[in-house]
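Working notes, beginning with the structure itself.
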Amino acid sequence: MPATTHRSTRRITPHTARYAEPLRYSIAPCPLGYLLLAASAKGICAVLMGDTPHAVQVELQQRFAEAVLQVDDAGLSEDVQQVVRQLNDPLRPAQLPLDIRGSAFQQQVWQALLHIPCGQTRTYSELAAPLGSHPRAVASACARNPLGVLVPCHRVIARNGALSGYRWGLQRKAALLKGEADAQAQ
DNA sequence: CTTCCAGCCTTTT
DNA sequence: AAAAGGCTGGAAG
């Protein structure tokens with residue numbers, strides 16, 4: 001392919017970069033602390049967890065710096081409850097429209113995460129292989145997953161069996177995996 | 001078995 | 001251009 005006909009280095013617009021896009025969000029307590037769920041016109045674009053309402057709110061602002069954020073507890077309460085219910089009953093996963101934003105590579109990784117069944121895990125290298133990528137790259141994609149729980153990045157562990165890391169704290173990753181393993185064992 | 005190290009692919013500054 | 005990641009396999013202790 002002659003480089004003269006096509007500029008291959010064209011930059012794709014990064015995920016969250018939209019203008020003053022309106023996003024609705026709601027924060028509620030959950031078994032793992034506080035849970036923040038945010039939605040665009042297309043679907044859920046963020047599920048974050050933290051120790052305080054403030055912490056999750058700040059994370060949302062950082063991730064969607066360009067957005068106009070507006071609380072909508074009433075409008076999102078159903079969705080929030082679905083996620084909370086999934087935490088308590090992992091075999092009944094939330095069924096929500098997702099607005100998954102990320103680079104092409106991140107989309108591939110996150111898509112793969114959606115196919116990991118509840119109660120199972122994969123290693124970073126297992127996910128990297130079919131993408132022709134590297135476990136380290138998969139890890140950084142997992143680390144930036146905006147949809148905690150719904151896009152189960154917590155089901156990815158190190159090859160040696162260690163839990164490795166988790167954006168929202170290893171304690172939560174351990175709890176999620178235990179909950180899913182226990183549910184599966186029923 | 002544990003620690004250390006050099007490559008590894010993407011994203012972020 | 002450089003650094004920093006939720007990694008890994010192999011060498012070394």
Side-chain angles (χ1 to χ4, degrees), chain A residues 1 3 6-19 21 23 30-38 40 44-52 55-67 69 83 86-87 90 93 98-181:
Chain A
M1 284 304 259
H6 197 264
R7 177 170 299 265
S8 61
T9 56
R10 176 171 62 180
R11 212 154 244 284
I12 308 296
T13 304
H15 46 319
T16 64
R18 300 193 175 176
Y19 318 52
E21 178 191 20
L23 293 183
C30 78
L32 297 177
Y34 283 89
L35 181 136
L36 181 155
L37 180 149
S40 70
I44 312 302
C45 60
V47 171
L48 315 173
M49 291 173 283
D51 294 337
T52 66
V56 289
Q57 220 261 340
V58 168
E59 186 180 351
L60 182 69
Q61 285 174 165
Q62 289 174 161
R63 283 179 179 265
F64 296 87
E66 308 276 315
L69 305 175
V83 179
Q86 175 175 340
L87 291 177
L98 304 183
D99 179 5
I100 306 180
R101 301 179 187 185
S103 67
F105 178 76
Q106 289 170 331
Q107 295 281 354
Q108 291 184 87
V109 173
W110 299 338
Q111 200 59 47
L113 299 186
L114 290 172
H115 294 308
I116 307 176
C118 172
Q120 294 189 27
T121 59
R122 296 289 182 277
T123 67
Y124 296 97
S125 33
E126 283 172 333
L127 293 175
L131 298 180
S133 185
H134 187 276
R136 196 102 195 223
V138 171
S140 47
C142 289
R144 291 200 73 75
N145 168 32
L147 288 163
V149 183
L150 298 185
V151 175
C153 60
H154 59 275
R155 294 181 191 151
V156 191
I157 65 178
R159 202 168 175 81
N160 66 2
L163 289 193
S164 197
Y166 191 57
R167 174 75 194 216
W168 297 290
L170 271 176
Q171 145 73 25
R172 290 193 178 91
K173 184 173 187 173
L176 286 166
L177 289 175
K178 181 176 192 322
E180 297 184 352

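Treat the numbers as computed from the prediction; the structure is a model and nothing was measured. Numbers restart at 1 for each chain; the letters A, B, ... are given by sequence-line order, proteins then strands.
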**Message:** Applying a 4.0 Å non-hydrogen cut-off, can you work out what A/A137 is touching in the nucleic acid: base, sugar-phosphate, or nothing?
**Reply:** base
**Prompt:** Considering residues, nucleotides and ligands other than A/Q61, do more than 12 of their heavy atoms fall under 6.0 Å from its CD?
**Reply:** yes
**Request:** Run through A/L35, A/L36, A/L37 and flag the one making a side-chain contact (heavy atoms from CB on, under 4.5 Å) with A/V56.
**Result:** A/L36
**Request:** Could you tell me whether A/V138 contacts a base, only the sugar-phosphate backbone, or nothing, with contacts defined as non-hydrogen atoms closer than 4.0 Å?
**Result:** nothing
**Partners meeting side chain to side chain donor-acceptor pair (under 3.5 Å) with A/R136 (sequence neighbours left out)** = none
**Item:** Distance, rounded to the nearest Å, where A/N145 contributes CG and C/dG5 contributes C1'
**Value:** 15 Å
**Request:** May I ask you to test the A/C153-A/R167 pair for a side-chain heavy-atom distance under 4.5 Å?
**Result:** no
**Residues within residues 157-164 of chain A bordering DNA chain C, heavy-atom distance below 4.0 Å** = A/A158, A/R159, A/S164
**Prompt:** Taking only residues two or more places apart in sequence or in another chain, which ones pass ring-ring contact (aromatic ring centres under 6.0 Å, His included) with A/Y166?
**Reply:** A/W168
**Item:** Watson-Crick or G-U pairs under 3.5 Å in DNA chain B, rendered as dot-bracket with [ ] for crossing pairs and | for another strand
**Value:** |||||||.|||||
**Prompt:** Any N or O donor-acceptor pair linking the side chain of A/R136 to the base of C/dG5 at under 3.5 Å?
**Reply:** yes
**Prompt:** Counting just side-chain N and O atoms, does A/R144 come under 4.0 Å of either OP1 or OP2 of B/dT10?
**Reply:** no
Please tabulate, for the side chains in residues 111-119 of chain A, all donor-acceptor contacts under 3.5 angstrom to protein atoms that are two or more places apart in sequence or on a different chain.
none

**Asked** If only atom types and distance count, is the side chain of A/R172 paired as donor or acceptor with the main-chain N or O of A/L32 below 3.5 Å?
**Response** yes
**Item:** A/Q106 vs A/V109 side-chain heavy atoms within contact, under 4.5 Å
**Value:** no
**Message:** Just to be sure I understand the geometry, which residues of residues 123-135 of chain A put a non-hydrogen atom under 4.0 Å away from DNA chain B?
**Reply:** A/S133, A/H134
**Request:** Rounded to the nearest 0.5 Å, what's the gap from SG on A/C45 to CG on A/L147? Could you check?
**Result:** 7.5 Å
**Request:** May I ask you to decide whether A/R101 forms a salt bridge with A/E21, counting only side-chain N to carboxylate O separations under 4.0 Å?
**Result:** yes
**Request:** Kindly compute the distance separating CZ (A/R122) from CZ (A/R159), expressed to the nearest 0.5 Å.
**Result:** 13.0 Å
**Message:** Can you check the distance between C/dG5 and B/dC8, where both ends of the measurement are the C1' atom (answer in whole Å)?
**Reply:** 12 Å
**Atom pair distance, as rounded to whole Å: CZ in A/R167 and P in C/dC7** = 14 Å
